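To start, the structure under review is shown below, and the notes come after it.
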Amino acid sequence: MAEPLTKVDSAVQGLSQSPTKEKFEPLTKVDSAVQGLSSPPKEKVTHRRRTSSSVAGIHTMKDLLESHTEIEVAIESQGTGWKINTSPTTVEDKDILAKPLVTPFVGAIKLHFDSTGGPVVTAKAHRGNYVTIKDALDAIYKPYKKRADDEISAPYLKGFEWLPNHPQLKDDEEKRASEWDRLYIHLSETPALAGFSGSKKKKKHANAE
């Protein structure tokens, strides 16, 4: 016959049946930092500034070479009568200054002097625009603005030439490719005015005469 349980026995048996609770110590600052490393870091968003070559309709000379796209020089840039050691704003027909120097439009283009031994200059567009005739004149003017007239044998701008269109290079693809990314500057001893105007009014007036 089983003996009745005493209060002490019941208390002991109750302790064996009750679940034990796990004790967690509070996290320290170091523990929290370590746990935070397990989450992936947030990617930093960067904003890239658009270059002239990324603007719609504006190309680089390298792009035109790779696509074998031929270049056409603005006819208004020929025979301007401009003196290279004077400000481009002194050109007789100021309407031509805002016109694109070449087609297709480019953001920058190198300008080489043909046979005068002048420096290589670069005409660059402003604010994502295309290179204009004024940009080219500005680039030429910069190294000559402090030169006296008697220091320049041929001080007048005759015009620009894209050499791959020259008849002598017609069948020489390798030579054409080497000249693709530049224009040549031609100078003269006297101001040669071609009569090409950027103003429609002036054109009508010239035709009437």
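All figures in this text were calculated on a predicted structure; none of them were measured in a lab.
Shortest non-hydrogen contact noted between A74 and P100 is CB-O, 3.2 Å. Minimum heavy-atom separation, A108 to K124: CB-CG, 4.2 Å. Between S153 and E189, the shortest heavy-atom distance links the atoms O-CG, 3.6 Å. Taking both residues in full, the closest heavy atoms of K83 and D149 are given as NZ-OD2, 2.8 Å, listed atom of the first, atom of the second, then distance. Closest non-hydrogen pair, Y141 versus S87, comes out as CE1-N, 3.7 Å. When all heavy atoms of Y130 and I58 are compared, the closest pair comes out as CB-CD1, 3.7 Å.
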Test side chain to side chain contact (heavy atoms under 4.5 Å, CB included) applied to H112 and V121, step by step: CA-CA 7 Å; H112 293 242; V121 297; over 6 Å; no
Candidate pair L183 and V102, rule side chain to side chain contact (heavy atoms under 4.5 Å, CB included), full reasoning: CA-CA 10 Å; L183 294 183; V102 296; 3.8 Å; yes
Trace of the side chain to side chain contact (heavy atoms under 4.5 Å, CB included) decision for L111 with T122: CA-CA 6 Å; L111 307 175; T122 302; over 6 Å; no
Full working for side chain to side chain contact (heavy atoms under 4.5 Å, CB included) between V106 and T60: CA-CA 6 Å; V106 296; T60 66; over 6 Å; no
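Side chains of T190 and S188: a donor-acceptor N/O pair is absent below 3.5 angstrom, by distance only. Side-chain N/O atoms of E151 and Y144 include no donor and acceptor closer than 3.5 Å.
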Taking only distance into account, with no hydrogens and no angle test, what donor-acceptor pairs under 3.5 Å do side-chain atoms of residues 156-171 form with protein atoms, sequence neighbours excluded?
unit_1, atom_1, unit_2, atom_2, d
E161, OE1, H186, NE2, 2.7
W162, NE1, W180, O, 3.0
H166, ND1, Q168, N, 3.1

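Taken from CD1 in I71 to CG in D181, the straight-line distance is 8.0 Å, to the nearest 0.5 Å. In this structure, OG1 on T132 lies 8.0 Å from CG on L101, to the nearest 0.5 angstrom. The CG atom of L137 sits 10.5 Å away from the CD1 atom of I84 when rounded to the nearest 0.5 Å. With values rounded to the nearest 0.5 angstrom, W82 atom CH2 is found 5.0 Å from I140 atom CD1. Here the CD-CG distance, from E179 to L65, works out to 11.5 Å after rounding to the nearest 0.5 Å. Considering CG of D93 and CD1 of I133, their distance stands at 9.0 Å, rounded to 0.5 Å.
D150 is linked by a salt bridge (Lys or Arg N to Asp or Glu O under 4.0 Å) to nothing, counting only residues two or more places apart in sequence or in another chain. Scored by the salt bridge (Lys or Arg N to Asp or Glu O under 4.0 Å) test, E70 finds R176 as partners (sequence neighbours excluded). A search for side-chain hydrogen bond (donor to acceptor under 3.5 Å, both in side chains) contacts involving S67 returns T69, not counting sequence neighbours. Partners of D138 under the salt bridge (Lys or Arg N to Asp or Glu O under 4.0 Å) rule, at least two apart in sequence or in another chain, are K134. Judged as a salt bridge (Lys or Arg N to Asp or Glu O under 4.0 Å), and not counting sequence neighbours, K142 has no contacts.
Atom CD of E173 is surrounded by more than 12 heavy atoms from other residues, nucleotides or ligands within 6.0 Å.
F113 and V131 end up in the same hydrophobic cluster when Ile, Leu, Val, Met, Phe, Trp and Tyr side chains are linked at under 4.5 Å.
Listed for the T80 side chain is no donor-acceptor partner under 3.5 Å among the backbone atoms of S77. K99 places no side-chain N or O within donor-acceptor distance of the main-chain N or O of E76, the cut-off being under 3.5 Å.
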